[in-house]
Amino acid sequence: MALMASRTKLFRLLTTLTTKAPILGSGSCSNGVKGPVRVDRGGGLGLTAYSTSAVAQQEPGVVGSRHLGLEILGVKDYEDYRRSLYGEITHKALLVDAVGTLVVPSQPMAQIYRKIGEKYGVEYSEAEILNRYRRAYEQPWGRSRLRYVNDGRPFWQYIVSSSTGCSDSQYFEELYNYYTTNKAWHLCDPDAEKVFQALRKAGVKVAIVSNFDTRLRPLLQDLNCEHWFDAVAVSAEVEAEKPNPTIFLKACELLGVKPEDAVHVGDDRRNDIWGARDAGCDAWLWGSDVHSFKEVAQRVGVLV
């Protein structure tokens with residue numbers, strides 16, 4: 001009876017108190033751009049979506065995912081509730097966003113566009129490149145319902161030429177290939193490897209869920225971290241981009257778990273939190289609900 005009452009109370013709180021915050025803020029792992037920060041999404045050839053990690057920090061009344069309002073129930077109460085239902089380990093699977101959560105750009109996008117482009121005649125300043133990029137990316141992409149189809153080249157060729165005024169194919173290929181290497185990216189959390197190892201040893205399956213083109217897999221190999229994951233769900237392969245719940249459901253299918261047994265961690269409120277919820281998964285906002293993968297593991301019930 002007590003457990004039933006607890007579930008009823010939780011459901012009422014969820015249906016009456018959940019709010020959606022504006023998609024604006026600064027990420028916990030910055031790419032070097034000042035002001036309202038966007039972090040690189042997808043192919044890494046530019047800034048593509050506002051990061052929302054700071055939104056919950058700025059708005060303490062914002063309610064998280066299934067853990068509800070932390071000010072109302074508290075983190076411990078929510079974790080106790082999950083354990084009362086599922087046991088000591090609260091989730092059977094962890095889904096992880098790639099760019100902005102697992103990896104971040106090593107240098108600002110506009111700086112790289114400018115630096116590589118100088119020998120191809122690019123004359124725009126970094127500020128001009130950034131502004132032109134944002135305008136280009138925000139325009140509807142008419143060639144496909146998805147931006148990242150297969151290797152994403154047509155989309156990124158449009159973005160690069162619009163951002164820099166340079167349509168030189170050699171420039172594009174150099175820039176495109178640069179963002180497939182570990183020169184362009186680094187891990188956001190240096191403890192990620194040992195945390196994922198501990199999670200998998202405890203029986204928790206781990207997958208990446210990312211809006212990215214097919215360069216994600218070779219990038220993970222170059223960063224020597226592809227073996228950390230049991231599955232990778234890439235939007236260009238799944239043919240669905242976050243926040244479409246299809247990509248989360250595909251990740252759960254690849255792992256062999258039900259959505260309600262998985263928690264997704266990502267830095268974008270709309271794409272990661274709302275999308276995962278729509279799929280039936282739990283969701284934690286990176287940089288707000290959780291600040292490290294060690295903290296993620298502890299909340300799942302695995303000590304590192």
Side-chain angles (χ1 to χ4, degrees), residues 7 10-25 27 39 41-42 48-53 55-56 59 61-70 72-73 78 81-82 85-86 90-102 140-141 144-148 204-212 216 231-290 296 299-300:
R7 290 182 180 178
L10 197 65
F11 175 76
R12 288 174 179 169
L13 286 167
L14 180 61
T15 55
T16 59
L17 294 174
T18 301
T19 61
K20 295 184 178 181
I23 308 171
L24 180 64
V39 294
R41 292 251 170 266
T48 67
Y50 281 112
S51 170
T52 60
S53 303
V55 171
E59 301 180 26
V62 170
V63 179
S65 58
R66 289 188 183 178
H67 60 284
L68 305 176
L70 299 184
I72 299 171
L73 292 181
Y78 171 70
Y81 169 76
R82 288 285 306 194
L85 296 179
Y86 302 107
T90 61
H91 300 83
K92 295 180 181 179
L94 171 65
L95 312 180
V96 180
D97 171 47
V99 179
T101 306
L102 178 67
W141 176 238
S144 169
R145 63 186 177 84
L146 301 174
R147 298 178 190 272
Y148 313 121
V204 178
K205 297 180 179 180
V206 185
I208 287 181
V209 180
S210 177
N211 286 353
F212 214 115
L216 180 59
V232 177
V234 188
S235 63
E237 298 173 356
V238 176
E239 298 184 350
E241 295 178 2
K242 296 184 289 185
N244 187 328
T246 298
I247 190 170
F248 297 97
L249 295 173
K250 181 61 176 180
C252 291
E253 178 187 332
L254 292 171
L255 294 178
V257 301
K258 297 177 181 178
E260 60 264 31
D261 291 330
V263 58
H264 177 70
V265 176
D267 70 315
D268 187 283
R269 185 173 297 279
R270 178 178 181 271
N271 285 343
D272 294 305
I273 306 306
W274 298 356
R277 286 183 189 172
D278 284 346
C281 302
D282 202 351
W284 299 332
L285 188 64
W286 182 261
S288 178
D289 298 330
V290 290
V296 171
R299 291 188 60 176
V300 170

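Bear in mind the structure is a predicted one, so any value in this text is a computation, not a measurement.
Using a 4.5 Å cut-off on side-chain heavy atoms (C-beta onward), V96 and V209 make no contact. With a 4.5 Å cut-off on side-chain heavy atoms, N211 and V99 do not count as touching. Counting heavy atoms from C-beta outward, K92 and V204 have side chains that stay 4.5 Å or more apart. The side-chain heavy atoms of V263 and L95, taken from C-beta on, include no pair separated by under 4.5 Å.
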Inset, instruction - Take S210 and V234 through the test side chain to side chain contact (heavy atoms under 4.5 Å, CB included) and record every step on the way to the result. - result: CA-CA 5 Å; S210 177; V234 188; 5.6 Å; no
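Exactly one of D268, D278, N271 qualifies for a side-chain contact (heavy atoms from CB on, under 4.5 Å) with K242. That residue is N271. Checked against W286 for a side-chain contact (heavy atoms from CB on, under 4.5 Å), the options D272, D267, L102 give a single hit: D267.
Ring-centre distance between H91 and W284: below the 6.0 Å cut-off.
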Residues 244-257 side chain polar contacts: donor-acceptor under 3.5 Å, at least two apart:
unit_1	atom_1	unit_2	atom_2	d
N244	OD1	T246	N	2.9
N244	OD1	T246	OG1	2.9

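For the 3.5 Å distance criterion, the side chains of D97 and H264 fail to qualify, holding no donor opposite an acceptor.
With hydrogens and angles disregarded, no donor-acceptor distance shorter than 3.5 Å links the side chain of E260 to the backbone of C281. Counting only distance, with no hydrogens or angles, the side chain of R270 and the backbone of G275 share no donor-acceptor pair below 3.5 Å. Looking only at distances, a side-chain donor or acceptor of T90 sits under 3.5 Å from a matching main-chain atom of V300.
With sequence neighbours excluded, no residue forms a salt bridge (charged side-chain N to carboxylate O under 4.0 Å, His left out) with K205.
Across every non-hydrogen atom of I208 and A98, the tightest pair is CG2-CB, 4.1 Å.
Among residues at least two apart or in separate chains, side chain to side chain donor-acceptor pair (under 3.5 Å) pairs with a member in residues 231-240 are R217-E237.
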